[in-house]
*Asks:* 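My structure is below; once you've seen it, I'll send some questions.
Nothing here was measured: the structure is a model prediction, and the numbers come from that model. Below, read A as the first sequence line, B as the second, and so on, with proteins coming before strands; counting in each chain starts at 1.
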Protein chains: 2
Amino acid sequence: MNTKVFERSFQNSKHNQSQVFHREIEVANTKKKSLQLVEAGRTPEEATFNLSTYLSQRQGLVEEALERSITVVYPEKIYEAMRYSLLAGGKRLRPILCLASCELSGGTVDMAMPTACALEMVHTMSLIHDDLPAMDNDDYRRGKLTNHKVYGEDIAILAGDGLLAYAFEFIVVQTKGVPAEHLLQVVAKLSHAVAATGLVGGQVVDLESEGLKNISLETLNFIHAHKTGALLETSVVTGGLLTGADEEILQRLSRYACNIGLAFQIIDDVLDITATAEQLGKSAGKDLQAQKATYPSLLGIQESKNQAKKLIEEAKAELAPFGEKAIPLMAIADYITDRTH
Amino acid sequence: MNTKVFERSFQNSKHNQSQVFHREIEVANTKKKSLQLVEAGRTPEEATFNLSTYLSQRQGLVEEALERSITVVYPEKIYEAMRYSLLAGGKRLRPILCLASCELSGGTVDMAMPTACALEMVHTMSLIHDDLPAMDNDDYRRGKLTNHKVYGEDIAILAGDGLLAYAFEFIVVQTKGVPAEHLLQVVAKLSHAVAATGLVGGQVVDLESEGLKNISLETLNFIHAHKTGALLETSVVTGGLLTGADEEILQRLSRYACNIGLAFQIIDDVLDITATAEQLGKSAGKDLQAQKATYPSLLGIQESKNQAKKLIEEAKAELAPFGEKAIPLMAIADYITDRTH
């Protein structure tokens, strides 16, 4: 089972990832989206929304907040190790989803930023521990040496533990203007998404599935729903929890997030196969046989694409009642569909 | 640096640890303490307090709560791994301190039990990760195979992560009758005690100090204050936070906990040296030379004993204003002094 598809493809794992990513979206925005939106009779604000600019600006805000979140003090090595991986780049998708969802449900960026940073700390912890020799044994991530290659395995384990623990303190101490009841819900939600009920559980099933050929669709869904889905869903839902959003809104946010997470995974599996077939000059069918369990290997390429498209449409339908406030989250969902073309 | 002195000596790391521990205290209680207390003009309640019975009863309550805290569901392996270490015995000192401190400051056992369990989950996480091959590489703990020897390194890392994350959800979801503001303080306090500001930081300095001969008293204090002290202090202080105790009470609880933690460490170092000298038939002085940095190696045995005694007296003085309510915490402090004889 490829354990990094979501991570890798949203970030391209290339040095020039940022440019490629932005150019791709820019094209979609300028050549197609604006026109389509105007034609569809949407508001000028919707028509002029530029996802690339939006993501870039939000990414900048998140980077600044993360940069400030950890100061290097004695014993320096552990703080440096935590910063090394936390500030190693990436699209900051989870924080951006949290900020967008908080604004959608009536909150502000400032209100959500500590939670947004905590989500990235937890995500970073999972990457550091996943890369360890006892797990996936990876030497590089995002073109840089992995944490344990730089600081040693012992410090890498501790850096992960440190980030995970610190995430909760950071939410509690740094969040301003949010009632204590709401913050407690955020803490519980994040905790649930990381523990055996979330990404830890997903990683366990992923490890157990390695080398097995007959992975069921149910198992595949479990892995993705827990290993990447749970934290993505939490990123979106905590944005709503911070504002005290009612149950209906939280449910819509949750279904939106689950759908885009799964759609992304499916499209990624499809693109991976296509790329491999092209590179190796092998037929897609032959490639499917050799491939570990993926959505296309279980459903076929066309049916996988159809399912992803359906998931995205359903995700967007969940946000329809929010009107203009849902534009950023709608656009992020659309970006996933665009990748099928 | 011996990284397990506190753990080992409070638990004896023998199969018959419980009996030995209880017998030891029983003797202190029946032969000496009761009489002393009555002679000192204390109340009959104080005079009849039996630490052994108290600890045994509290330990039972904590075991029951821990047993119920984790249910084995799919994927079973991770829940079993978490339970394996969490339910591997031990004196449950941290939970007992938390319950006692909560009662001292006007709360109940029920109110504090989820936090008490969370403290043990976090403590267990630190033990599982400390035992890993990349860290202390231990095959046994409390007479049982360590987590990674039974479940593999990958699952052991994840079991630790799972316990750490779950601890926070457990506090938030399971605690009843505590205002949200107080629970948030508990979350922040626990988080701070585990992160690089607490036991993770202490473990880093401990690792860095390995093999070094010239460890300063300052460094030694840092290691103990962070690696074991922070979570002990948190165990006591969270008991007070749950009841909304005022700053003066919290300060007294904090100083009590810091003092007994350090005193325990010092006495343990002293006893370790004495034991080794007896076993090997070497002079204590020669043993000191070979010994890694400990309090006796830096201060001498007599001065170490004096310091421990002074710390315990100060710890007890902090609790004097609470009268009868402080009996259990006083008795626990006394137990540490008794070990010097």
Side-chain angles (χ1 to χ4, degrees), chain A residues 70 73-75 77-79 81-82 122 125-126 129 132-135 148 152-173 179-185 187-205 207-208 222 226, chain B residues 70 73-75 77-79 81-82 122 125-126 129 132-135 148 152-173 179-185 187-205 207-208 222 226:
Chain A
I70 297 176
V73 293
Y74 178 80
K77 199 176 185 184
I78 187 69
Y79 294 97
M82 288 160 64
V122 165
M125 173 283 292
S126 77
H129 283 188
L132 287 167
M135 308 274 271
H148 65 273
E153 280 184 58
D154 47 1
I155 295 294
I157 294 167
L158 291 167
D161 295 346
L163 282 168
L164 175 53
Y166 184 48
F168 295 99
E169 183 185 9
F170 197 75
I171 291 174
V172 176
V173 174
E181 289 80 3
H182 301 168
L183 268 194
L184 278 184
Q185 291 177 310
V187 167
K189 182 79 184 164
L190 180 59
S191 179
H192 193 80
V194 188
T197 42
L199 68 81
V200 162
Q203 174 73 352
V204 168
V205 179
L207 288 166
E208 284 175 349
F222 184 94
H226 290 75
Chain B
I70 297 177
V73 294
Y74 178 80
K77 199 177 185 183
I78 187 68
Y79 294 98
M82 287 159 63
V122 165
M125 174 285 290
S126 77
H129 283 189
L132 287 167
M135 308 275 273
H148 66 272
E153 279 184 60
D154 47 3
I155 296 295
I157 294 167
L158 290 167
D161 295 347
L163 282 169
L164 175 54
Y166 184 49
F168 295 100
E169 183 185 9
F170 198 75
I171 291 173
V172 176
V173 174
E181 290 79 5
H182 301 168
L183 268 194
L184 277 184
Q185 291 177 310
V187 167
K189 182 78 184 167
L190 179 59
S191 179
H192 193 80
V194 187
T197 42
L199 67 84
V200 163
Q203 174 73 351
V204 169
V205 179
L207 288 166
E208 284 175 350
F222 184 94
H226 290 77

*Asks:* Which side-chain N or O atoms in residues 152-162 of chain A pair as donor and acceptor under 3.5 Å with protein atoms at least two apart or in another chain?
*Replies:*
from, atom 1, to, atom 2, distance (Å)
A:Asp161, OD1, B:His129, ND1, 3.1
A:Asp161, OD2, B:His129, ND1, 2.7

*Asks:* Please enumerate all residues that pass side-chain hydrogen bond (donor to acceptor under 3.5 Å, both in side chains) together with A:Lys189, with sequence neighbours excluded.
*Replies:* A:Glu233
*Asks:* If the plane angle is over 60° it's perpendicular, under 30° parallel, otherwise tilted; pick one for A:Phe222 and B:Tyr74.
*Replies:* perpendicular
*Asks:* Of all of A:His192, A:Glu208, A:Glu169, A:Met125, which one pairs up most often with chain B through heavy atoms under 4.5 Å apart?
*Replies:* A:Glu169
*Asks:* With a 4.5 angstrom heavy-atom cut-off, could you sort out which part of A:Val173 is near chain B: side chain, backbone, both or neither?
*Replies:* side chain
*Asks:* Do the non-hydrogen side-chain atoms of B:Phe168 and A:Leu184 ever get within less than 4.5 Å of each other?
*Replies:* no
*Asks:* Against chain A, work out which of B:Leu199, B:Leu183, B:Leu164, B:Val194 has the most heavy-atom pairs shorter than 4.5 Å and name it.
*Replies:* B:Leu164
*Asks:* If you take all heavy atoms of A:Gly201 and B:Pro75, which pair is closest and at what distance?
*Replies:* O-CG, 3.7 Å
*Asks:* Pick one of side chain, backbone, both or neither for B:Leu132, based on which atoms fall under 4.5 Å of a heavy atom in chain A.
*Replies:* side chain
*Asks:* Nearest 0.5 Å please: distance from the CG atom of A:Leu207 over to the NZ atom of B:Lys77.
*Replies:* 8.0 Å
*Asks:* Heavy-atom pairs under 4.5 Å with chain A - which of B:Gln185, B:Met82, B:Met135 has more of them than the others?
*Replies:* B:Met135
*Asks:* Given that the side chain runs from C-beta out, which part of A:Thr197 has a heavy atom under 4.5 Å from chain B: side chain, backbone, both or neither?
*Replies:* both
*Asks:* List the atom of B:Glu181, the atom of A:Ala180, and the distance in Å for their closest heavy-atom pair.
*Replies:* N-CB, 3.8 Å
*Asks:* Pick one of side chain, backbone, both or neither for B:Tyr166, based on which atoms fall under 4.5 Å of a heavy atom in chain A.
*Replies:* both
